[in-house]
A.B. asks: 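Sharing a structure here in structure tokens format.
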Amino acid sequence: MDKLTVIKVGGKIVEDDATLAQLLKDFSAIEGAKVLVHGGGRSATKIASQLGIESTMIGGRRVTDAEMLNVVTMVYGGLVNKNIVAKLQACGINALGLTGADMNVMLSHKRPLKKVKMDDGTEQMVDFGFVGDVDKCDGKMLATLIGEGVVPVMAPLTHDKQGNLLNTNADTIAGETAKALAPYFDVTLMYSFEHAGVLRDAEDENSVIELITAQSFEQLKADGIVNGGMIPKIENALEAVNAGVKQVIITKADAIDGKHGTVIK
């Protein structure tokens with residue numbers, strides 16, 4: 001099968017002109033088919049504040065009420081997505097911006113009440129509002145677009161096929177996209193963020209763990225080396241590998257050549 005790379009880039013990178021320009025230059029240089037998935041949470045928070053709308057985060061996740069849904073739709077599906085698409089076109093990449101509602105490419109349901117561990121250690125049931133948990137990604141449709149030379153740029157919005165858009169975690173969008181495309185391509189999923197990879201020592205950027213498997217992951221958790229938000233990221237990565245994705249790489253945004261970072265297999 002042909003090679004395909006799915007890159008997920010966080011909001012911190014896409015919201016800075018210099019880092020975004022470098023990332024898109026590096027992304028354009030990747031050989032073979034590719035898909036870009038982006039976040040944009042900091043921009044959403046900033047614009048919400050300018051509009052007098054308060055942002056609420058619980059357990060690192062955004063609570064999306066009706067007003068905030070309007071903001072994230074404008075920011076993710078509009079401002080951030082189309083800015084990336086335009087800049088990729090300038091790099092000679094025939095990009096197409098997509099939300100999950102476009103061509104019914106990603107269907108989800110509104111998240112039910114969820115038990116969340118709070119900062120004080122207690123647990124409580126939380127209504128995250130208009131947040132979507134993915135049910136299905138149409139890999140065949142995406143593969144058809146890619147076969148025509150199109151590079152999808154996926155915004156972190158899905159829909160429930162009842163007329164409602166839903167705010168959806170960008171890591172999840174990337175993982176579901178990679179899994180859906182695995183029957184059609186030899187897929188590498190890459191999560192790019194501010195560190196060189198999964199670190200053995202959080203204070204040492206040179207302490208990158210080169211390979212994580214399901215077995216070593218359990219030991220790393222038990223030893224407290226992998227903790228916090230990195231745990232669900234690696235769990236999602238292992239789930240993608242189990243679903244047919246060749247490998248997942250966690251690396252720095254300026255090192256998306258596939259030769260650096262932590263490989264999860």
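Predicted, not measured: the structure shown is a model, and the values here were computed from it. Note: hydrogens, waters and symmetry copies are ignored here, and every other heavy atom, side chains too, is used.
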A.B. asks: How close do Val63 and Met68 get, heavy atom to heavy atom, and via which atoms?
C.D. replies: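 Taking Val63 first and Met68 second, the nearest heavy atoms are O-CG, 4.1 Å.
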A.B. asks: Of all the heavy-atom pairs spanning Asn81 and Met154, show the shortest one and how long it is.
C.D. replies: ND2-C, 4.2 Å
A.B. asks: Check whether any side-chain N or O of Ser207 sits under 3.5 Å from a backbone N or O of Asp201 as a donor-acceptor pair, and report yes or no.
C.D. replies: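 Here the side-chain-to-backbone pair exists.
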A.B. asks: Whether the Asn167 and Thr64 side chains hold a donor-acceptor pair (N or O, under 3.5 Å, no angle test) is what I'd like checked.
C.D. replies: yes
A.B. asks: Decide yes or no for Phe27 and Val9: does some side-chain heavy atom of the first lie under 4.5 Å from some side-chain heavy atom of the second?
C.D. replies: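 Result no, sub-4.5 Å side-chain heavy-atom pair not found.
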A.B. asks: Roughly how far, to the nearest 0.5 Å, is CD1 of Ile264 from CD1 of Ile250?
C.D. replies: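 Reported to 0.5 Å precision, the distance equals 3.5 Å.
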A.B. asks: Other residues, nucleotides and ligands only: do more than 12 of their heavy atoms fall within 6.0 Å of CD on Glu54?
C.D. replies: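 Counting other residues, nucleotides and ligands, CD of Glu54 stays at 12 neighbours or fewer.
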A.B. asks: For Thr73 and Asn70, which I'm curious about, is there any donor-acceptor pair between the side chains at under 3.5 Å?
C.D. replies: no
A.B. asks: Knowing that exactly one of Leu145, Leu142, Leu98, Thr144 qualifies, which makes a side-chain contact (heavy atoms from CB on, under 4.5 Å) with Val150?
C.D. replies: Leu145
A.B. asks: Side chains of Ile84 and Lys87: closer than 4.5 Å at any heavy-atom pair?
C.D. replies: no
A.B. asks: For Ile93 and Val151, work out which heavy atoms get closest and say how close.
C.D. replies: CG2-CG2, 3.5 Å
A.B. asks: Please name the residue in the list Val6, Leu36, Val35, Asp102 that meets the side-chain contact (heavy atoms from CB on, under 4.5 Å) test with Pro152.
C.D. replies: Val35
A.B. asks: State whether the side chain of Asn236 and the backbone N or O of Lys233 hold a donor-acceptor pair below 3.5 Å, judged by distance alone.
C.D. replies: no
A.B. asks: Let me know which of Lys115, Lys114, Lys110, Arg111 forms a salt bridge (charged side-chain N to carboxylate O under 4.0 Å, His left out) with Asp127.
C.D. replies: Lys110
A.B. asks: Quick check against the 3.5 Å criterion: does Tyr191 have a side-chain atom that pairs as donor or acceptor with the backbone of Asp171?
C.D. replies: yes
A.B. asks: What I'd like to find out is whether the side chain of Asp204 reaches to under 4.5 Å of the side chain of Leu199, using heavy atoms alone.
C.D. replies: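 Of all side-chain heavy-atom pairs linking Leu199 with Asp204, none is under 4.5 Å.
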A.B. asks: Taking Ile209's backbone N and O only, do any of them form a donor-acceptor pair with Thr262's side chain (distance below 3.5 Å, no angle check)?
C.D. replies: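 Answer holds: yes.
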A.B. asks: Okay, side chain of Asn242, backbone of Leu238: is any donor-acceptor separation there less than 3.5 Å?
C.D. replies: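 Judged by distance alone, yes, a pair lies under 3.5 Å.
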A.B. asks: Evaluate the side-chain proximity of Glu15 to Lys46: yes if any heavy-atom separation is below 4.5 Å, no if none is.
C.D. replies: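 They are not in side-chain contact.
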A.B. asks: Side chain of Asp2, backbone of Gly32: donor and acceptor closer than 3.5 Å?
C.D. replies: no
A.B. asks: Taking all non-hydrogen atoms of both residues into account, name the closest pair between Asn104 and Asp138 and its distance.
C.D. replies: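 Closest heavy-atom pair between Asn104 and Asp138: O-CB, 4.1 Å.
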